[in-house]
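In this chain, residues are counted from 1 in sequence order.
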Amino acid sequence: MIVKIKTSVLFLTLLMCVGIVHAEYFSNIRDQIGFEFIHNNGNSQNFYYPEIVGSGVALLDFDNDGDLDIYLIQSGEFKNNKLKDMLFENQLNQEKSLSFKSKEHSFLNKSISYGIGITVGDVNNDGRQDIYLSNLKQNQLLINKDGTGFNPLKIDEKQHMWSSGASFCDINNDGYKDLYVSNYVDWSANNNPKCFNASSKQDYCGPSSFSGLKDSFYLNDKGRNFIEKTQQFFPKMPKMPGLNVVCNDINNDGFSDFIVANDGKENLVWLNQNGQSFKEAGMFSGLAVNAQGVSEASMGLAMSDYDLDGDLDVFFTHLMNESNTLYNNNGKGFFSDVTNRSKLSTQSYAYTGWAAGFLMVNNDIYPDLVVFNGAVADASQKNKDQPSLKQANQLFLNAENKVFSQIKDEKWLNEKAVSRGAAFGDIDNDGDIDIVVNNNNGPADILINNLNPEKWMGIKIIDPENRSLKVELYNEKHAMRLNTNTDGSYASAHDDRIVINQAQIEYYKGIRIISNSTILLEKPLIHNNKYTTIKIP
């Protein structure tokens with residue numbers, strides 16, 4: 001089915017006799033375009049722990065035709081699994097009519113695995129995006145085959161019971177993306193103890209009922225293979241319940257670092273030691289625990305320069321009765337918990353947050369924040385048969401005073417689900433960031449951003465040397481750091497293109513691209529209302 005987005009959105013701005021009714025910030029168009037994907041968590045009736053943790057989604061241009069395709073992770077049965085992931089090809093046309101076609105490929109056969117997460121990156125520098133799938137029992141690396149499908153590449157990988165988040169990241173500046181995998185807990189069908197909630201009903205256990213696992217690291221051998229090098233680069237890797245990981249140079253030393261979200265244990269910060277090894281500095285950096293010195297159930301991760309001071313700040317989502325936490329970066333990799341100051345604390349206590357991301361939803365220069373929620377423990381009465389895991393999602397508008405205000409009165413925010421992974425990207429190429437959400441044991445959502453800017457600029461960066469790059473908007477007063485990585489959110493992967501809105505074009509002088517403190521390129525901002533490719537000389 002094909003639907004024209006500009007005319008199909010139900011909440012476009014309407015002029016009525018009583019005044020002007022403004023559009024909602026997002027519209028869920030899943031049903032309008034006939035998009036069909038339903039996540040299945042296994043439904044074992046045995047309270048198998050993995051059932052409440054998956055799954056993720058990716059937005060990637062797998063066929064290099066200029067629009068974003070959707071890869072949705074499926075979980076399925078724990079034995080003899082016949083369910084498959086699904087890849088949907090975007091068939092966007094010049095009139096911005098949006099439709100998706102399901103692609104059938106042999107690599108989508110999931111009989112050997114139970115899907116949790118996905119990460120995306122060009123691992124062999126052929127200009128096409130490849131995929132790594134984080135699964136229960138057996139992970140998979142899929143190499144893009146000229147945009148027609150994917151071929152599996154077997155790597156020297158230890159068998160972990162359960163992997164979740166992952167990140168492709170060049171840690172030694174050799175031009176090839178390496179791989180960090182966050183592993184969760186040592187669960188199996190034979191190691192599935194009975195747990196009970198506050199109303200004495202049997203419920204899912206939490207991570208404290210299991211032993212954590214060591215994360216894994218793989219060095220990229222010039223795109224030919226990935227070699228397991230955890231002990232060499234992370235000799236003091238602890239066993240932790242890792243759910244998520246992001247990569248970025250947080251201390252501006254020219255080498256990429258890792259931040260790992262651990263569920264109920266202190267978060268890890270791995271500082272890169274000149275590409276030779278990593279040193280753990282979670283407590284030292286301020287990201288291990290919150291301002292009260294308490295470790296939280298970290299699940300989602302998002303990075304953004306929310307305060308426009310030239311460095312990337314960090315946001316974690318957490319369990320119900322804990323607050324989500326925002327950490328401000330001082331520019332040198334030291335972080336302060338500013339959750340209360342930013343008015344993001346009390347609004348999250350009633351929710352269990354998973355995916356999160358910063359994006360522009362109104363025409364100003366401040367990144368806004370969206371959080372996707374879904375419970376993990378049944379909050380219903382003891383005598384109620386159906387568990388109550390569905391929760392509403394949340395949108396927070398950022399302002400000049402670095403305080404976030406919550407938006408509540410929108411239809412898409414009140415459509416409760418058990419949300420998990422979410423991918424961010426401009427799927428209709430109209431200059432604003434849309435979202436695809438994978439809901440646990442439910443249908444996926446496609447949230448179209450209604451900003452629809454009149455003036456915007458889109459950029460795709462191509463670097464023939466595949467360097468680790470720092471990208472920022474700048475004017476005479478200061479610079480805003482842009483996060484161009486595809487990792488983060490929760491178990492998901494995102495569009496690597498840059499979108500600059502009208503307010504940013506008017507406020508900033510230009511965009512510059514930096515590698516190891518050297519400015520490689522500066523370009524003025526123009527509102528050409530399309531995506532263009534910048535090739536770094």
Side-chain angles (χ1 to χ4, degrees), residues 35-58 70-88 102-119 131-142 150 152 154 157 159-166 181 183-195 201-207 209-210 213 241 243 354 374-378 385-387 389-390 417-421 436-445 490-492:
F35 189 86
E36 296 182 359
F37 177 86
I38 298 178
H39 178 265
N40 184 306
N41 69 10
N43 300 300
S44 69
Q45 307 302 314
N46 294 316
F47 295 95
Y48 283 165
Y49 190 25
E51 291 176 348
I52 58 168
V53 174
S55 292
V57 54
I70 301 174
Y71 191 112
L72 277 151
I73 300 296
Q74 184 61 276
S75 296
E77 305 298 326
F78 289 88
K79 295 181 179 180
N80 302 316
N81 189 9
K82 301 301 181 183
L83 296 179
K84 301 178 180 180
D85 292 349
M86 293 190 70
L87 174 64
F88 295 89
S102 176
K103 302 285 288 186
E104 293 291 337
H105 288 291
S106 60
F107 72 87
L108 293 170
N109 189 344
K110 291 303 295 292
S111 61
I112 60 172
S113 56
Y114 180 99
I116 301 293
I118 183 170
T119 191
I131 286 174
Y132 182 81
L133 301 176
S134 302
N135 299 318
L136 184 69
K137 294 185 179 179
Q138 184 173 345
N139 301 333
Q140 293 174 284
L141 176 61
L142 303 174
F150 294 86
K154 185 174 178 57
E157 184 169 34
Q159 294 298 311
H160 289 281
M161 291 302 298
W162 189 345
S163 297
S164 180
V181 182
N183 298 308
Y184 194 38
V185 296
D186 187 14
W187 174 91
S188 70
N190 295 324
N191 181 27
N192 189 60
K194 284 189 176 182
C195 294
K201 293 174 62 176
Q202 185 176 354
D203 210 335
Y204 292 102
C205 296
S209 298
F210 308 93
L213 297 172
L243 273 180
W354 294 82
V376 295
D378 182 8
D385 294 332
Q386 295 298 320
L389 300 180
K390 293 183 177 181
V418 189
S419 296
R420 292 298 184 254
V436 179
V437 187
N438 200 353
N439 296 309
N440 185 279
N441 223 39
D445 294 325
Y490 173 74
S492 299

List the steps and the verdict of side chain to side chain contact (heavy atoms under 4.5 Å, CB included) for C195 and D203.
CA-CA 6 Å; C195 294; D203 210 335; 5.8 Å; no
Dump the intermediate steps for side chain to side chain contact (heavy atoms under 4.5 Å, CB included) on Y132 and V181, then the final yes or no.
CA-CA 10 Å; Y132 182 81; V181 182; 3.6 Å; yes
Using the rule given for side chain to side chain contact (heavy atoms under 4.5 Å, CB included), can you reason through F35 versus L72, listing the C-alpha separation, both sets of side-chain angles and the distance that settles it, and then say yes or no?
CA-CA 12 Å; F35 189 86; L72 277 151; 3.7 Å; yes
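Put simply, OH on Y48 and CZ on F78 are 7.5 Å apart, with the number rounded to the nearest 0.5 Å. The CD atom of Q74 sits 7.5 Å away from atom CG of N81, with the distance rounded to the nearest 0.5 Å. To the nearest 0.5 Å, atom CG of residue N40 and atom OH of residue Y114 are 7.5 Å apart. In this structure, OG in S419 is found 6.5 Å from CG in D445, a value given to the nearest 0.5 Å. Annotation: the span from S209 atom OG to K194 atom NZ amounts to 14.5 Å, rounded to 0.5 Å. Atoms CG and CG, from N139 and L133 in turn, are 8.0 Å apart once rounded to the nearest 0.5 Å.
Annotation for N183 and S163: closest pair OD1-OG, 2.5 Å, computed over non-hydrogen atoms. Pairing each heavy atom of H39 with each of S55, the nearest pair is NE2-OG, 3.1 Å. Nearest heavy atom pair, residue G42 against residue E77, reads O-OE1, 3.7 Å. Of all the heavy atoms in P241 and P207, the pair that sits closest is CB-CB, 4.2 Å. Residues I116 and I73 share a closest heavy-atom pair of N-CG2, 3.7 Å. Minimum heavy-atom separation, L83 to G76: CD1-CA, 3.6 Å.
Put simply, the side chain of N440 gets close to the backbone of G54: a donor and an acceptor are under 3.5 Å apart. Under the 3.5 Å distance criterion, the side-chain polar atoms of D85 are left unmatched by any main-chain donor or acceptor of G115. Using a distance-only test at 3.5 Å, with no hydrogens or angles considered, no donor-acceptor pair links the side chain of Q140 to the main chain of P152. Listed for the W354 side chain is a donor-acceptor partner under 3.5 Å among the backbone atoms of G374. Formation of a donor-acceptor pair under 3.5 Å by the S164 side chain with backbone atoms of L243 is found in this model. N441 contributes a side-chain N or O that, together with a main-chain N or O of N41, makes up a donor-acceptor pair within less than 3.5 Å.
Side-chain contact between V418 and R420 is present, with heavy atoms from C-beta onward closer than 4.5 Å.
The neighbour count for E36 CD, taken as heavy atoms of other residues, nucleotides or ligands under 6.0 Å away, does not exceed 12.
Between the side chains of N191 and D186, no donor-acceptor pair of N or O atoms lies under 3.5 Å.
Ring geometry for Y49 against Y184 counts as tilted: the plane angle lies between 30° and 60°, on a 0 to 90° scale.
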